[in-house]
Every structure is written in C-alpha cells, then in structure tokens.
Amino acid sequence: MSGEVQGIDDEKVPAIVVPKDEYQWNKYGQKLIKRIGNKHRSYFRCKKKDCGAKKKVEWAPSNPSTVRVLYEGNHNHQCARIDSDEVDEDAMIQANQYDLATQIFGSRN
DNA sequence: CGATTTTGACCAGCGC
DNA sequence: GCGCTGGTCAAAATCG
C-alpha cells in the first residue's frame, strides 16, 4: 500500500481520492483521460481470485472536485467489510454518493 | 518475505 | 488509411 501520501496537503486534490468501501481492491492501472479534463482514471479490481468485480475511479466531468466511482461486475464472495477503524464515515458516505452518481451519469453525456 | 503499488507499452475499436 | 483514445497486462520498486 505504499506509504506514499496521496497528496493530502490542503485541498489541491492532486490525486484521485479513492473512497473506502466494503470490498478491497487492488489498483491495476492508471490512464490519463482527456475527456474529463486531462485527468487520470484509476482502475481497481477485486482482490479475490473468484471475484470478477471491477471498479473505476475518475473525476466527474462537470465536478472536478468530485470523484465518480463506477462499479462493474459482481462479487462472488461475501463483503470483506473492513474494520470500522479503516473505513472513514466520510469516505463511506462519499462512496455512497459516487454510487448514486454512477447511476445518474450512467447515461453518459 | 509477502504484499501492494507505480509506470510504460501494447492492443483494439472507432471516427473522419 | 491514419490518428486517437481507452483498457489491460507486465515488471519493478517499496513498505510493514
């Protein structure tokens, strides 16, 4: 997990703020998407082998300060619910918002 | 040591 | 036909 602080300085949001959810993901790629304002999209995959669930994190095209999380596929294992100490209430709430945005934005622009 | 993360390159599909 | 983008994989490096 790289002890690298993902740019948590003031509020410049240099890197994408990945919210914590009930599942664990491993980043397998990062690409710069020009469609969202020359920002970079983060690709996450479920850590489980039997799990084909995938997650993509990108900035909202209209909300450069908001992160949109797209969930693809479904999990074959139970939710690896992280300890409450690991999950931030804010992150969880945000994750929920992202999920909602995903459905709304699901129709693309 | 094991685990995880990061970057680059390659490929494919599509548009004009 | 060419260019461009998006998506995934591999390897390497680093952390606890």
Side-chain angles (χ1 to χ4, degrees):
Chain A
M1 293 72 162
S2 72
E4 172 88 55
V5 204
Q6 301 236 336
I8 300 151
D9 264 313
D10 284 295
E11 47 187 311
K12 322 164 22 180
V13 55
I16 289 194
V17 185
V18 187
K20 297 142 171 110
D21 53 17
E22 311 87 331
Y23 289 97
Q24 299 200 249
W25 314 80
N26 41 331
K27 184 171 8 202
Y28 71 87
Q30 205 167 289
K31 267 298 273 263
L32 197 88
I33 310 300
K34 304 169 146 194
R35 304 292 134 91
I36 59 184
N38 276 41
K39 290 290 192 321
H40 59 286
R41 194 186 259 166
S42 301
Y43 296 91
F44 290 92
R45 241 167 136 178
C46 193
K47 284 179 49 193
K48 290 263 195 257
K49 169 203 165 293
D50 297 346
C51 200
K54 286 188 282 194
K55 180 167 82 173
K56 303 176 194 122
V57 184
E58 69 164 54
W59 296 94
S62 293
N63 289 26
S65 22
T66 308
V67 195
R68 158 210 277 186
V69 181
L70 311 169
Y71 292 92
E72 265 187 33
N74 58 304
H75 296 275
N76 296 297
H77 66 97
Q78 284 296 284
C79 312
R81 199 58 173 264
I82 313 169
D83 276 315
S84 36
D85 279 16
E86 291 278 325
V87 188
D88 278 291
E89 213 181 274
D90 285 321
M92 269 242 155
I93 294 161
Q94 284 188 78
N96 208 17
Q97 296 279 310
Y98 306 150
D99 201 349
L100 186 67
T102 303
Q103 298 175 54
I104 298 164
F105 283 82
S107 293
R108 291 246 175 183
N109 291 294

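As a basis for the values below, the full set of heavy atoms in this structure was taken, side chains included, without hydrogen atoms, waters or symmetry mates. Each chain gets a letter, A, B and so on, in the order the sequences are listed, and its residues count up from 1.
Regarding I33(A), its CD1 atom lies at a distance of 4 Å from the P atom of dG6(C), rounded to whole Å. Atom CG of N38(A) and atom C1' of dC4(C) are 13 Å apart (whole Å). Rounded to an integer number of Å, the gap from K39(A) NZ to dT5(C) P is 16 Å. Atom-to-atom, NE2 of H40(A) to P of dT8(C) comes out at 16 Å; the value is rounded to the nearest Å. Going from atom CD of E58(A) over to atom C1' of dT5(C) covers 14 Å, rounded to whole Å. Between Y43(A) atom OH and dG7(C) atom P there is a gap of 3 Å when expressed in whole angstrom units. Note: CD (Q24(A)) to P (dA3(B)) measures 13 Å, nearest angstrom.
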Considering only nitrogen or oxygen atoms on both sides, find all protein atoms under 3.5 Å from nucleotides 9-12 of chain C and state each distance.
residue, atom, partner, partner atom, Å
dC9(C), OP1, R45(A), NH1, 3.0
dC9(C), OP2, R45(A), NH1, 2.6
dC9(C), N4, Y28(A), O, 3.3

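Side-chain nitrogen and oxygen atoms of K34(A) include at least one within less than 4.0 Å of the OP1 or OP2 phosphate oxygen of dT5(C). Using a 4.0 Å cut-off, no side-chain N or O of K54(A) falls inside it from OP1 or OP2 of dG7(C). Proximity of R41(A) to the phosphate of dG7(C): a side-chain N or O atom is located under 4.0 Å from OP1 or OP2. A close approach under 4.0 Å does occur between a side-chain nitrogen or oxygen of K27(A) and OP1 or OP2 of dT6(B).
I33(A) and Y71(A) fall into different hydrophobic clusters, where Ile, Leu, Val, Met, Phe, Trp and Tyr are joined by side-chain heavy atoms under 4.5 Å apart, directly or via other members.
Note: H77(A) NE2 to K47(A) NZ = 9.5 Å, rounded to the nearest 0.5 Å.
Map F44(A) and K31(A) each onto its nearest nucleotide of DNA chain B; the residue landing nearer the 5' end is F44(A).
By the 4.5 Å heavy-atom criterion applied to side chains, K54(A) and F44(A) are not counted as neighbours.
Overall, the helix from dC1(B)-dG16(C) to dC16(B)-dG1(C) carries an axis bend of 0° between its ends, with five pairs at each end and the value rounded to 10°.
I36(A) comes within 4.0 angstrom of nothing in the nucleic acid, heavy atoms only.
Among dT4(B), dT5(B), dT8(C), the nucleotide with an atom closest to any side-chain atom of K47(A) is dT4(B).
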